[in-house]
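We count ligands from 1, going down the list as the structure has it; atoms in each ligand are counted the same way. Only this structure's heavy atoms are used, side chains among them; waters, hydrogens and symmetry mates stay out.
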Amino acid sequence: MNKMYLIFLLFFAASYSMSLSSADSVTIYEDFVQCFKNVTTISDIDLSDVVLPRTSISFTPTLRAYIRNARFNTSSMPKPSIIIVPRVDSHVQAAVICAKTLNLQLKIRSGGHDYDGLSYVSAVTFLVLDLSNFRNITVDLNDGGGSAWVQTGATLGELYYRIWEKSEVHAFPAGVCPTVGVGGHVSGGGYGHMIRKFGLTIDHVVDATIVDANGQIHDRKSMEEDLFWAIRGGGGGSFGVVLAFKVKLVTVPKTVTVFRVDKSVDENALDMVYKWQFVAPRTDPGLFMRVLLSSPTQNKTSTVNTKLRALYLGKADDVVLKMAEEFPELGLKKEDCKEMTWIQSLLWWMNHVDVDKVKPEILLEREPDSAKFLKRKSDYVEKEMTKPELNRLFQKLATLDRTGLVLNPYGGSLNVTAVNATAFPHRHKLYKIQHSVTWPDAGPEAERLYIGNLRTTYNIMTPFVSKNPRSSYLNYRDIDIGVNDHGADGYRKGEIYGRKYFGENFDRLVRVKTAVDPDNFFRNEQSIPTLPPNRR
Ligand code: FDA
């Protein structure tokens, strides 16, 4: 965690119970409920499971259910004054109007997978709008090549499952983890193992409904194209509450192939990774090969584990032939490959080895309250690393407990779309790195050690990744790269992380933000700032 932000949060946590006494939180609740009743026609009985005060028996289970990072699931972390769990659109409208009227910060939460917890933690008094009831999905295969309206509280797994119920050859190109929420994922760009064939998730969004800062609902027509552009990749929590996205489906072959190749350093893992950099971003767009480099968890063997995981949108024979020509260092054999349906490939990516024994219903499981301790960071590579450079990385990584790098190839469809077509700017890179660390034990000591290890690999990578600015992927939220308290110099602070996440698209995002939410009601520690008054 960013040191300053951590100190701020801990200081706030310590003084929190004093500064926001239960009496204050009761007052906030009473004022909010009064406003909520005025704005809606909801009765007292109905209200009890929609607006939850801290004293509600449902408050803690509801909050914890979608805390997906155990670092933020401690008693000292600041808690919201109220949780609003809307059932219908008008509840969301009322939540926005009342939070704005009472000048309270509203944190919007769909799947709760924000890596730094920005959807449910804050250093200021705040409310959580929990969209877990907004999970309706309507799939229409007769609309062009197929489309779906999906509410933002649905998970990706639920979307994949509802598509599969209707067709085995329709699919949607989004993230690999089924419990990720549609709301945050799509807002931040979104990608999965079909990125090279079909591009980003946002490239398939054709409409949306959103509640703006005045509590008004808009669809694509009434929100204007600028705002529709911004909510595709510009991040959640800056422009409004997205209620639902309409997405276009894609078609996939009835049979796809997955394969895994694991190599140790003694088996020429380094040569394989070196060559991967040249092949993976340039090969057939139907082939996605991810490489995972990790240090040993117990740090006993001082070596690096290298794993390659791949999806090919076609038959095993074809990909084996292709790899023999393009990537002999991989040594891919037919026995390494498994043919299956696309929905089964999702189960395989979830680490189910024997996919015939697992039912797709597993995609509907939300696994509430199952968080681990983790931290992520991201980078983009524009030029292949040399073998000596990779060697230095391998040697250092081998000494760092539990730390890993996930290399995701770009190229293919990503290259044909302009950088400013959506708010996501990093399309024309070679590959993306996710720096990753996950650990089992609670406490500041473990956190210091493991996050320290992660920052070490991040520092090692400095010469080999994008510069001026060093780019980051918004959906791999990383508050180390800048935090905003939205005070007098909020624009300047926003520019620090904003340029890393959005490149030149940051300027247009700020203009849209200033037009649709001039009072900066929708804000969080890394939201898009408004223009300073002297520049409006
Ligand atoms: P959460 O609810 O925490 O929201 C994230 C942000 O969006 C917050 O700022 C929130 O306020 C805002 N927001 C949420 N809903 C909103 C709404 N309806 N309207 C407006 N703002 C809203 N990414 C990827 O691209 N490909 C991948 O394969 C993966 N895989 C993956 C695996 C795992 C295990 C994790 C934890 C994460 C990923 N991710 C990923 C990253 C993921 O896409 C990212 O964390 C998303 O923002 C999570 O969206 P949620 O709705 O779950 O988060």
A.B. asks: Please work out whether any backbone atom (N, CA, C, O) or any side-chain heavy atom from C-beta onward of Leu118 is under 4.0 Å from ligand 1, and answer side chain, backbone, both or neither.
C.D. replies: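 Neither part.
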A.B. asks: Going by heavy atoms, is Arg68 under 4.0 Å from ligand 1?
C.D. replies: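 Arg68 does not count as a contact of ligand 1 under the 4.0 Å cut-off.
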A.B. asks: Would you say atom 34 (C) of ligand 1 has a protein heavy atom nearer than 4.0 Å?
C.D. replies: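 Within 4.0 Å: yes, protein heavy atom nearby.
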A.B. asks: If we set the cut-off at 4.0 Å for heavy atoms, which region of Asn524 has an atom near ligand 1: side chain, backbone, both, or neither?
C.D. replies: side chain
A.B. asks: Students should be able to answer this: which protein heavy-atom is nearest to atom 28 (O) of ligand 1, and at what distance?
C.D. replies: Val176 N, 3.0 Å
A.B. asks: What part of Lys107, side chain, backbone, both or neither, has a heavy atom within less than 4.0 angstrom of ligand 1?
C.D. replies: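 Under 4.0 Å from ligand 1, Lys107 contributes no heavy atoms.
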A.B. asks: Do Phe32 and Val51 make a side-chain contact, defined as non-hydrogen atoms from C-beta onward lying under 4.5 Å apart?
C.D. replies: yes
A.B. asks: For Trp164 and Tyr161, take the angle between the two ring planes, folded into 0 to 90°, and tell me which bin it lands in: parallel under 30, tilted 30 to 60, perpendicular over 60.
C.D. replies: tilted
A.B. asks: For Gly184, counting its heavy atoms only, list the atoms of ligand 1 lying under 4.0 Å from any of them.
C.D. replies: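 Counting atoms of ligand 1 from 1, those under 4.0 Å from Gly184 are 4 (O), 5 (C), 7 (O), 14 (C), 15 (N), 46 (C), 47 (O), 49 (O), 50 (P), 51 (O).
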A.B. asks: Considering only protein heavy atoms, which is closest to atom 47 (O) of ligand 1, and at what distance to one decimal place?
C.D. replies: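 Of every protein heavy atom, Asn475 OD1, 3.1 Å lies nearest to atom 47 (O) of ligand 1.
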A.B. asks: Is it true that a side-chain atom of His218 and a backbone atom of Asp212 form a donor plus acceptor pair closer than 3.5 Å?
C.D. replies: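 The answer is no, because no donor-acceptor pair under 3.5 Å joins these two groups.
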A.B. asks: What atoms of ligand 1 come within less than 4.0 Å of a heavy atom belonging to Arg109?
C.D. replies: 2 (O)
A.B. asks: Distance under 4.0 Å to a non-hydrogen atom of Leu131: what atoms of ligand 1 satisfy this?
C.D. replies: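 Heavy-atom distances to Leu131 below 4.0 Å select 18 (N).
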A.B. asks: Taking the minimum heavy-atom distance to atom 49 (O) of ligand 1, which of His185, Gln434, Arg290, Lys432 ranks first?
C.D. replies: His185
A.B. asks: Which atoms of ligand 1 have any heavy atom of Gly175 under 4.0 Å away?
C.D. replies: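 Numbered from 1, ligand 1 contributes 26 (N), 27 (C), 28 (O).
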A.B. asks: Which of the atoms of ligand 1 are close to Gly240, meaning less than 4.0 Å from one of its heavy atoms?
C.D. replies: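 In order of numbering, the contacting atoms are 19 (N), 20 (C).
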A.B. asks: In terms of side-chain geometry, is the basic nitrogen of Asp478 or Arg376 positioned less than 4.0 Å from the acidic oxygen of its partner?
C.D. replies: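 Salt bridge flag = no for Arg376 with Asp478.
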A.B. asks: Kindly say whether the aromatic ring centers of His426 and Phe424 come within a distance under 6.0 Å.
C.D. replies: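 Ring centres of Phe424 and His426 closer than 6.0 Å.
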A.B. asks: For atom 5 (C) of ligand 1, which candidate among Asp114, Thr152, Ile202, Asn408 provides the closest heavy atom?
C.D. replies: Asp114
A.B. asks: Closer than 4.0 angstrom: is that true for some heavy atom of Gly192 and an atom of ligand 1?
C.D. replies: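 The answer is no: ligand 1 sits nowhere under 4.0 Å from a heavy atom of Gly192.
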A.B. asks: Counting from 1, what ligand 1 atoms have a heavy atom of Gly237 closer than 4.0 Å?
C.D. replies: 20 (C), 21 (N)
A.B. asks: Record the part of Thr201 in heavy-atom contact with ligand 1 below 4.0 Å; permitted values are side chain, backbone, both and neither.
C.D. replies: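 No part of Thr201 comes within reach of ligand 1.
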A.B. asks: Sort and list the pairs that fulfil salt bridge (charged side-chain N to carboxylate O under 4.0 Å, His left out) and have at least one residue in residues 230-249, not counting sequence neighbours.
C.D. replies: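 Qualifying pairs: Asp143-Lys246.
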A.B. asks: Is the shortest heavy-atom distance from the side chain of Phe522 to the side chain of Val516 under 4.5 Å?
C.D. replies: no
A.B. asks: If you have a sec, work out which protein heavy atom is nearest atom 32 (C) of ligand 1 and how many Å separate them, to one decimal?
C.D. replies: Cys177 CB, 3.2 Å
A.B. asks: Which ligand 1 atoms are under 4.0 Å away from a heavy-atom of Gly111?
C.D. replies: 2 (O), 50 (P), 51 (O), 52 (O)
A.B. asks: Got a sec, which residues hit ring-ring contact (aromatic ring centres under 6.0 Å, His included) with Tyr160, two or more places apart in sequence or on another chain?
C.D. replies: Trp342
A.B. asks: Give me the ring orientation class for His91 and Phe36: parallel if the planes are under 30° apart, tilted from 30 to 60°, perpendicular past 60°.
C.D. replies: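 Correct class here is tilted.
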A.B. asks: Applying a heavy-atom cut-off of 4.0 Å, say which part of Tyr66 lies close to ligand 1: side chain, backbone, both or neither.
C.D. replies: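 Near ligand 1, Tyr66 shows nothing, with every heavy atom at 4.0 Å or more.
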A.B. asks: Using a 4.0 Å cut-off to any heavy atom of Tyr473, which atoms of ligand 1 qualify?
C.D. replies: 24 (C), 25 (O)
A.B. asks: Less than 4.0 angstrom from a charged side-chain N to a carboxylate O is my criterion; do Asp207 and Lys221 meet it?
C.D. replies: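 A salt bridge is absent here (no side-chain N lies under 4.0 Å from a carboxylate O).
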A.B. asks: Is the ring pair Tyr380/Tyr410 parallel, tilted or perpendicular, if the boundaries are 30 and 60 degrees?
C.D. replies: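 Tyr380 and Tyr410: perpendicular rings.
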A.B. asks: Check whether the side chains of Tyr501 and Gln526 place a donor and an acceptor atom closer than 3.5 Å, and report yes or no.
C.D. replies: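 Yes, side-chain donor-acceptor contact under 3.5 Å.
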A.B. asks: Here's one to test your reading of the geometry: is the NZ or CZ of Lys432 within 45 degrees of the ring axis of Tyr191 and under 6.0 Å from its centre?
C.D. replies: yes
